[in-house]
Structure formats: structure tokens, C-alpha cells
Amino acid sequence: MKTIVIREPGGPEVLTCQDLPTPQPPAEEVLIKVAAAGVNRPDVLQRMGLYPPPPGASNIPGLEVAGKIVGLGEGVSQWRVGDAVTALTAGGGYAEYAVAHEGSCMRVPKGLSMTEAACIPETFMTVWHNVFERGALKAGESFLVHGGSSGIGSTAIQLAAHFGARVFATAGTDEKCAYCETLGAERAINYKTQAFAEEIKNLTSKRGVDVILDMVGGAYIQDDIACAAEDGRIVQIAFLKGARVQLDLMPLMLKRLTLTGSTLRPRKREFKARIAKELQQKVWPLLESGAVRIVIDKTFPLEKAADAHRRMESNAHMGKIVLEVS
Ligand SMILES: NC(=O)c1ccc[n+]([C@@H]2O[C@H](COP(=O)([O-])OP(=O)(O)OC[C@H]3O[C@@H](n4cnc5c(N)ncnc54)[C@H](OP(=O)(O)O)[C@@H]3O)[C@@H](O)[C@H]2O)c1
């Protein structure tokens with residue numbers, strides 16, 4: 001099968017097309033003929049050598065795919081050959097065929113294309129767990145997401161708004177801010193021209209926000225602490241501006257804040273299966289009615305994975321970048 005491999009750690013040019021044997025699905029896993037694979041920032045970090053795959057996972061990048069099941073490992077009970085699924089993979093998505101645990105597969109929501117479906121698993125599972133479980137966002141509360149125009153941000157804004165939160169976002173250009181507002185953010189703040197913590201305090205009559213989803217880290221963490229409401233929850237899902245910081249934690253104690261975080265990839269199969277089930281119950285109806293939409297920035301053929309990474313690293317994109325397999 002045709003795959004994209006990382007020749008060595010480096011820039012987008014190290015992504016190389018290579019023929020490799022088609023994997024056989026181990027017990028409880030399915031073999032998927034990939035129609036489309038989502039591109040995520042962690043793939044870029046993996047390519048740079050900064051995010052190695054967990055032990056036992058494929059070295060081929062790609063954390064999510066959509067396609068048809070063409071093979072079943074021993075003991076698979078939930079799926080049949082021919083089923084159309086979108087799946088979280090442990091890696092290996094940038095390929096004509098990929099394997100996934102049966103519990104990490106979800107049926108393709110009605111009315112969505114394979115390209116749209118390929119954008120769901122990594123992003124929606126991450127947002128669901130970190131915003132609604134770890135962050136425990138509830139209707140009537142307020143929410144701030146950084147990187148609002150990212151794949152993760154676009155999903156977080158829509159789901160938080162849909163489930164009744166007051167939503168704010170930050171992004172790096174006025175165009176990205178306007179995009180966040182079309183998705184349901186009451187106000188998006190251009191962090192290059194405005195201090196977001198001050199702005200959030202102004203927008204919330206000094207109260208602050210209940211939940212913050214932060215992928216930036218660095219100096220943002222102190223500002224998150226400053227603009228979190230009493231009993232607020234700050235959830236770290238990445239540290240694009242660094243994980244080592246000096247902090248004044250006094251407000252953490254005074255406002256009874258929770259500073260937490262998580263990463264999806266190394267979590268157990270049972271955990272991923274639980275999230276997949278909940279998404280199908282609670283979010284699939286929203287995708288199928290069009291209340292929540294998949295926003296695709298650009299698609300690339302699989303062979304042009306390097307260009308897809310260049311697009312992501314340009315930071316010009318809004319929404320998801322997808323590889324299509326012909
Ligand atoms: N913990 C987990 O389980 C998990 C799972 C999936 C993804 N993630 C993380 O979530 C983040 C978003 O993922 P994604 O796939 O949606 O990526 P993406 O679309 O590329 O988004 C990254 C966003 O971060 C913003 N940004 C702010 N500071 C940045 C900096 N110093 N360098 C680069 N970008 C910066 C960029 O927009 P601006 O122009 O607004 O700055 C961009 O919109 C990534 O950091 C990824 O690693 C975590």
C-alpha cells in the first residue's frame with residue numbers, strides 16, 4: 001500500500017511516499033481502506049521528532065481516518081466488512097489502509113462525506129474530554145478557547161456554544177477572529193493587538209470565565225489564571241509556547257482554581273471507546289442536523305502530505321486540513 005513515512009526528523013520535506021505491506025488487523029482491530037485522513041498539529045510535532053509514537057504504535061503519521069472496513073481481526077463484534085467508519089488510530093493514518101481498535105471506530109454520521117468524517121475523531125474526542133469532562137463546562141457557564149480558529153478551536157467553540165455556554169476565543173488575526181464569531185463565539189480577541197486577560201475581564205464584568213482550554217501555554221498560563229472565574233478550570237492540551245514557566249500561584253488558592261490537562265494518544269482503549277460512544281450519542285445528532293459543522297480549510301492528495309504540513313505550519317489555515325486518498 002501507498003503510505004507517507006517520516007524519513008528522519010525535520011521539515012515537511014522529510015514526508016516521503018513509500019510502498020509498505022498492508023497491515024493485518026490484530027485481535028479486536030479492524031482494517032480500514034482509507035478514504036481520507038485528518039491532519040493534526042501533533043502529526044507536525046511527530047514529524048519534527050518532538051512527539052514520538054507510543055510503544056507499539058505505527059511509525060506512519062496520522063491519528064484519524066475515515067473509510068470502509070475491509071478486514072476484521074479476531075473477536076471483532078461491533079463492525080462488519082463494508083461498514084463506513086471514522087476512526088481514531090494509534091498512528092498510521094497517512095496510508096491507503098490503516099488499522100484501528102473496534103472501540104475507536106464510530107459510524108460515519110449521516111449526510112457527512114468521508115472527507116468531513118475524517119476530521120472528527122482526534123478533534124472531537126479531545127474537545128469532549130477536556131472541555132466537558134475534565135473542564136466540566138456546564139450550560140450557563142462561560143468558556144474561553146485559545147487558538148480559536150484551529151481544528152480543535154473550531155470544534156470547541158461550536159460544541160461549547162451549542163451546549164449553552166457563553167463562548168470567547170483568542171486568535172492571531174482579525175480574519176480568524178471573525179471566523180470564530182461565525183462559529184458561535186460571542187467575542188474573539190486578536191491576541192496580537194489586545195491583552196486577552198484584560199479583555200475577558202471587561203467582557204465578563206470582572207468575573208472571568210469558568211473554563212479555559214489552552215493549547216498555547218507559556219506566558220498564557222499566568223493570564224489564564226488572571227482571567228479565570230472563582231472555581232474556574234484551566235485545561236492544558238498543548239504548550240505551543242512552552243511548558244516551563246514561572247508562575248504566581250496565589251490566585252489559584254484564592255480563587256480555588258483547577259489547573260489540569262491531558263493528552264489523548266496514550267490513553268487506554270477502554271477510555272477511547274467510552275468517549276467514542278458518548279460522542280455518537282450526544283454529538284452525532286448535532287452533526288447530522290447541521291447544528292455543528294465540520295469546517296475544512298483545505299484538502300490535499302495523500303502524496304502531497306508535505307504541502308498539507310506546510311499549510312498547517314503557515315498558521316494561515318482556519319479549520320481542518322485533510323488528506324484524500326484516491
Ligand atoms: N492533548 C491532546 O490530547 C491533544 C489532541 C489533539 C491536539 N492537541 C493540540 O491542540 C492544538 C491544536 O491542534 P490542531 O490540530 O487543531 O492544530 P492547528 O489547527 O494547527 O492549531 C494550532 C493553533 O494554535 C495557534 N497558535 C498560537 N500560538 C502558536 C504558536 N506559538 N505556534 C503555533 N500555533 C500557535 C494558531 O493560531 P493563531 O494564528 O491564532 O496563533 C493555530 O490556530 C495543538 O497544539 C495540538 O498539539 C492536543
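Reckoned from all heavy atoms, side chains included, excluding hydrogens, waters and symmetry mates. Order of appearance sets the numbers: ligands from 1, and atoms from 1 within every ligand.
- Inspection of the Thr258 and Arg233 side chains reveals no N or O donor paired with an N or O acceptor under 3.5 Å.
- For Leu264, heavy-atom contacts with ligand 1 shorter than 4.0 Å involve the backbone as well as the side chain.
- Each of the following atoms of ligand 1 lies closer than 4.0 Å to a heavy atom of Ala171: 40 (O).
- At a heavy-atom distance under 4.0 Å, no atom of His146 approaches ligand 1.
- Within the 4.0 Å heavy-atom cutoff, His317 counts among the residues contacting ligand 1.
- Below 4.0 Å from some heavy atom of Asn40 lie the following atoms of ligand 1, by number and element: 15 (O).
- Only the side chain of Lys241 comes within 4.0 Å of ligand 1, counting heavy atoms alone; its backbone N, CA, C and O stay farther away.
- When each atom of ligand 1 is checked for a heavy atom of Ala238 under 4.0 Å away, the hits are 9 (C), 45 (O), 47 (O).
- Under 4.0 Å is where a charged nitrogen must lie from a carboxylate oxygen, and between Glu133 and Arg274 at least one such pair does.
- Residue, atom and distance of the protein heavy atom nearest to atom 17 (O) of ligand 1 are Arg41 CB, 3.3 Å.
- Close contacts between ligand 1 and Val216 involve ligand atoms 27 (C) [criterion: under 4.0 Å to a heavy atom].
- Polar contact check, Asn130 against ligand 1: no nitrogen or oxygen pair lies under 3.5 Å apart.
- Scanning all protein heavy atoms for the shortest distance to atom 39 (O) of ligand 1 gives Lys176 NZ, 2.6 Å.
- Scanning the protein for heavy atoms near atom 6 (C) of ligand 1, the closest one is Glu122 OE2, 3.0 Å.
- Ionic pairing of Glu102 and Arg269 is not present here: no N-O contact between side-chain nitrogen and carboxylate oxygen is shorter than 4.0 angstrom.
- Salt bridge Glu288/Arg107: present, at least one basic N to carboxylate O contact under 4.0 Å.
- Contact between Tyr191 and ligand 1 is present, with at least one heavy atom of the residue lying under 4.0 Å from the ligand.
- With a 4.0 Å heavy-atom cut-off, ligand 1 is reached by no atom of Arg265.
- Counting the atoms of ligand 1 from 1 in the order shown, those under 4.0 Å from a heavy atom of Thr263 are 1 (N), 2 (C), 3 (O).
- Every atom of ligand 1 with a heavy atom of Ser150 under 4.0 Å away is listed here by number and element: 16 (O), 18 (P), 19 (O), 21 (O), 22 (C), 23 (C), 43 (O).
- The ligand atoms of ligand 1 that sit less than 4.0 angstrom from a heavy atom of Met215 are 11 (C), 12 (C), 23 (C), 24 (O).
- Proximity of Phe168 to Glu186: side-chain heavy atoms (C-beta onward) are separated by under 4.5 Å at one or more points.
- Of all protein heavy atoms, the one lying nearest to atom 48 (C) of ligand 1 is Ile237 O, 3.1 Å.
- Side-chain contact of Glu324 with Thr115: a donor-acceptor pair under 3.5 Å is present, judged by distance alone.
- The shortest side-chain heavy-atom distance between Pro12 and Arg47 falls under the 4.5 Å cut-off.
- We find that Lys176 and Glu181 are not joined by a salt bridge, their nearest charged nitrogen and carboxylate oxygen being 4.0 Å or further apart.
- For the pair Glu303 and Lys2, the salt-bridge criterion is met [side-chain N within less than 4.0 Å of a carboxylate O].
- Ion pairing between a basic and an acidic side chain is recognised when a charged N comes within 4.0 Å of a carboxylate O; Glu13 and Arg7 show no such pairing.
- Remark: aromatic rings of Tyr220 and Phe196 are close, center separation under 6.0 Å.
- Across the listed options Ser262, Gly147, Gly319, Gly147 owns the non-hydrogen atom lying nearest to atom 25 (C) of ligand 1.
- Around atom 26 (N) of ligand 1, the closest heavy atom drawn from Thr173, Leu240, Thr126, Val44 belongs to Leu240.
- Interface of Gly151 with ligand 1, defined as ligand atoms under 4.0 Å from a residue heavy atom, comprises 16 (O), 19 (O).
- Using a 4.0 Å cut-off between a side-chain N of Lys or Arg and a carboxylate O of Asp or Glu, Asp83 and Arg80 do not qualify as a salt bridge.
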